[in-house]
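Working notes, structure below.
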There are 2 protein chains.
Amino acid sequence: MVRSRITIYDVASYAGVSYQTVSRVINQSKRVKAETREKVEAAIKELDYSPSRLAQSMVTQKTRTIGLVVADITNPFFFEVARGVQDTALAQGYNVFVCNTDDNPQGEQDVLTLLASQEVDGVILSTASSTDEELLAFAENYKPLVVINRDIDHPKASLVNVDICKGAKLAVEHLIDRGHTHIAMLSHEGHLPEHVRRVLGYRETLEAHGITPNDEWLVLAPPNLMGGYEATQELLRKHPEITAIFTYNDLMAIGAMRGCHDMGVKVPQDCAIMGFDDIKFSAMTQPSLSSISFDKYVVGQKAMQRLFEMFDEPDTTFAPIPLDVKLVIREST
Amino acid sequence: MVRSRITIYDVASYAGVSYQTVSRVINQSKRVKAETREKVEAAIKELDYSPSRLAQSMVTQKTRTIGLVVADITNPFFFEVARGVQDTALAQGYNVFVCNTDDNPQGEQDVLTLLASQEVDGVILSTASSTDEELLAFAENYKPLVVINRDIDHPKASLVNVDICKGAKLAVEHLIDRGHTHIAMLSHEGHLPEHVRRVLGYRETLEAHGITPNDEWLVLAPPNLMGGYEATQELLRKHPEITAIFTYNDLMAIGAMRGCHDMGVKVPQDCAIMGFDDIKFSAMTQPSLSSISFDKYVVGQKAMQRLFEMFDEPDTTFAPIPLDVKLVIREST
DNA sequence: AACAGAAATGTGACCGCTCACACGAACGTG
DNA sequence: CACGTTCGTGTGAGCGGTCACATTTCTGTT
C-alpha cells in the first residue's frame with residue numbers, strides 16, 4: 001500500500017497540537033511539556049511517521065551526507081578506509097556517497113563538482129590525481145574537506161597523514177638489513193615519482209646507507225596486481241642483478257611475487273619482495289608478504305571524526321592528524 | 001567566498017525572464033523560444049548557477065539516489081558489483097549509497113529503513129541475512145527493489161541471478177574428474193546449508209556421481225580469509241582422508257590454501273582447492289586458484305539497469321536476469 | 001491580588017524548485 | 001476579420017519541514 005507520505009501536520013492533528021510542537025519533539029527541544037511530548041511521541045509511533053530528511057535538509061541547508069572520493073574502491077586499501085568512514089558516519093546518522101575517480105584528474109574534478117551540487121556537507125578525499133590548485137579551489141568555494149595522505153595547505157582543509165616516509169624508510173632499511181643492495185622499486189605510474197613519498201623515502205634511505213639510487217630500477221606501472229606482475233617480469237628480464245623489490249602497495253607486491261614465480265625466480269631466496277599497506281591478503285599469500293602496516297580502518301575513522309569537528313567549529317583550523325606505521329616481516333623478505 | 005546560493009530567481013532576473021522560464025530551460029522543455037533559451041543559458045553560465053537537487057527532489061519526490069545493500073564491502077566480490085552499480089548509476093546522474101550489513105539481520109533491517117527514510121528511489125540488495133518476509137514487506141511498502149542471487153517472489157522486486165547451482169556443479173564435477181571422491185566443502189556460517197545453493201549443487205552433484213555426501217565434511221565458517229584458514233586446519237586434522245575442498249568463495253579458498261600450506265599439506269598434490277567467484281587475486285596466488293567465474297561488474301551493471309527500467313515502468317513485473325558462470329581451471333586443482 | 005518573567009505553544013514566512021493553470025501573442029483557416 | 005489552435009511565458013500554490021517571532025499559560029514574587 002503506497003500511502004501518501006505522512007507529514008508533520010498529520011501527526012500534529014492526530015496528537016491535537018500544532019505542527020510546530022511536533023517539530024520541537026522531533027528536534028528534542030527542551031521547551032515541551034513532558035505530557036505533550038508523550039502525546040506526540042505516541043502519535044508518531046501510531047502513524048509510523050518519520051520526518052523527511054529532504055525537507056529538513058531543504059531548510060537547514062544540511063544534508064547529513066558526506067562524499068568520499070577515492071581512486072578506486074576496488075583496491076583493498078581504499079575499501080578498508082571506506083568502511084572506517086562509513087561506520088563512523090552512520091553512527092551519527094550520516095550517509096556516505098562513495099565516488100571513484102579511477103585516478104583520472106578530469107574524473108576527479110567532475111566528481112567534486114557533482115558532490116558540490118549534491119549538497120554534501122563535507123568531503124573526504126583520498127586521491128592524488130587532481131592538482132593542489134584544484135583542490136584548494138574546492139576547499140575555498142565549497143565545503144569542509146579532509147584530505148588523506150596529501151599535503152595541502154588551506155585553512156578550510158584538514159589532513160590525515162600516515163607517516164609514509166617512515167614506512168618507506170623502514171621497508172628499505174629492512175631490505176638493507178637482509179643484505180640487499182640492489183633494491184628496485186615499483187611505483188604508481190599515475191604520479192610523478194618526485195611527488196610520491198614512498199619514492200622519496202626509498203631514495204633517501206638508500207643514500208643514507210651509501211647506496212646510490214639507480215633510476216633504471218624505478219619502474220612505473222598501474223598500482224594493481226597486473227601492473228606489479230608485468231612490471232616485475234620486465235624489470236627482472238632487464239636487470240637480473242636485482243635481489244629485492246619494494247612496491248607502491250601490496251597489490252603490486254602480490255603481482256610481483258607471482259611474476260617472480262612464473263620466471264622461476266624464488267621469493268625470497270632469489271628476490272625479496274616488500275609491499276606497502278598490509279592488506280589482509282598479504283598474510284595469506286604464499287609466501288606471505290612483508291609489508292608496512294597501519295590501520296586503514298582507523299584512517300577512515302579519524303578522517304570522519306575530523307570532518308565532524310569541522311562541522312561543529314567551522315572557523316577553526318585543525319592540525320593534521322598523524323598516523324604511525326610499523327614494519328611487518330613475513331616470508332617474502 | 002561563500003556566497004549565498006544562487007537561485008532560479010537570480011537567474012531569471014538576470015536574464016529578464018520569469019523563474020518558470022528558467023525552470024523550463026533546466027528541464028529541457030520544448031516550450032521555450034530558442035532566443036530566450038540562449039539568454040537564460042548565458043545567464044546560467046554567467047552566474048555559475050546549478051539547480052539545487054534538494055529542492056528538485058523535494059517537489060518531484062525523486063532523489064536520483066539509490067541504495068546498495070551488501071554484506072561487507074570489504075569482500076572483493078561485493079566491491080566489483082558495487083563498481084558496476086556505481087558506474088552505471090553515475091552515467092545517468094544517479095548517486096549510490098552503499099550500506100554494509102555485516103551479515104547481521106538486524107543491521108539489514110536498520111539499513112533498509114534508514115534507506116527508506118533517506119528517500120532513495122530504489123534499492124539493490126545483495127545479502128542473504130534478512131528473511132524473505134522482511135524483504136517482501138520492504139518491496140511491498142517502499143521502493144523498487146532489485147535482489148541479487150536470491151529467490152523471492154514479488155511483483156515489485158526484480159531478480160538478477162547468477163547460475164550458482166551450475167557453478168557448484170561445474171566445480172564439483174571438475175574435482176571428480178580429477179579423481180577426487182573425498183570432497184569437503186566450506187560454507188558460510190551465516191546461512192543454513194539448506195538455503196545455500198552452492199551446498200545444494202555440491203550435494204546433488206556428488207549424489208549424481210554415486211558419492212554419498214558426508215555431513216562431517218561440510219564445515220561452516222566466516223566467509224573470509226581467516227575463516228577459510230582456520231576451518232581448513234580443523235577439517236584436515238579431523239579428516240585427513242579428504243583430498244579436495246570446495247569453498248563458498250575465493251576468500252575462503254585462499255585462506256584454505258594457506259591453511260594447507262601451514263600444515264605441510266601440498267596443494268594440489270595432497271589436497272585440491274576449488275573456489276567460487278574468481279576474484280582478481282585468484283589468478284595471482286601461489287598456486288593460482290581454480291574457481292567459478294562470472295562477471296561481477298556486469299552483475300552490478302545489470303542490476304542497476306533493471307532498476308532504471310523499473311523506474312520507467314513502475315507497474316511492469318520483470319523477468320529475472322540470468323547470468324552464466326564458467327569454470328576456470330588453474331593450479332590449485 | 002497584581003504583575004513580571006519564564007515556560008509552553010501557535011502563527012507567518014520561507015528554503016528552491018516544479019506543477020497546474022492562466023493568459024496574451026502569433027498563427028492559420030474559412 | 002472573427003475564430004479556434006498552438007506557442008511562449010507568467011502566476012499561484014505547495015512539496016515537508018524549520019526559523020523567528022507572537023501569543024498564551026503557568027509560575028513566583030512582593
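Note that the structure is a prediction, hence the values are computed from the model and not measured. Letters A, B, ... are given to chains in the order of the sequence lines, protein chains preceding strands, and every chain is numbered from 1. Below, each value reflects all heavy atoms present in this structure, side chains not excepted, and no hydrogens, waters or symmetry copies.
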- Describe, in one word, how the ring planes of A:Tyr19 and A:Tyr9 are oriented to each other, choosing from parallel (under 30°), tilted (30 to 60°) and perpendicular (over 60°). tilted
- Message: On DNA chain C, does the nearest nucleotide to A:Ser18 precede the nearest nucleotide to A:Tyr9 from the 5' side, or the other way round? Give the residue.
- Response: A:Ser18
- For A:Thr7 and for B:Gly16, find the nucleotide of DNA chain D with the closest heavy atom, then tell me which residue's nucleotide is more 5'. B:Gly16
- Query: Does the base of C:dG16 carry an N or O that pairs as donor and acceptor with the side chain of B:Arg53 under 3.5 Å?
  - Reply: no
- Rounded to the nearest angstrom, tell me the gap between atom CD in A:Gln61 and atom P in D:dT18. 14 Å
- Message: Base of D:dG8, side chain of B:Arg37 - is there a donor-acceptor contact under 3.5 Å?
- Response: no
- Length of the line joining B:Asn27:CG and C:dG16:C1', which is rounded to integer Å: 13 Å
- Item | Rounded distance in Å - CD1 (A:Ile6) to P (D:dC15) | 15 Å
- Message: Need one value for A:Gln20: base, sugar-phosphate or nothing, where a base atom within 4.0 Å counts as base even if backbone is also close, heavy atoms only.
- Response: base
- Item | Among C:dA7, C:dG10, D:dG16, the one nearest A:Arg31 by side-chain distance | C:dA7
- The nucleotide from C:dC15, C:dC17, C:dC21 with an atom nearest the side chain of A:Met58 is C:dC15
- Query: Closest nucleotide of DNA chain D for B:Thr36 versus for B:Val59: which of these residues is on the 5' side?
  - Reply: B:Thr36
- Under the 3.5 Å rule, do the base of C:dG12 and the side chain of A:Tyr19 count as making a donor-acceptor pair? yes
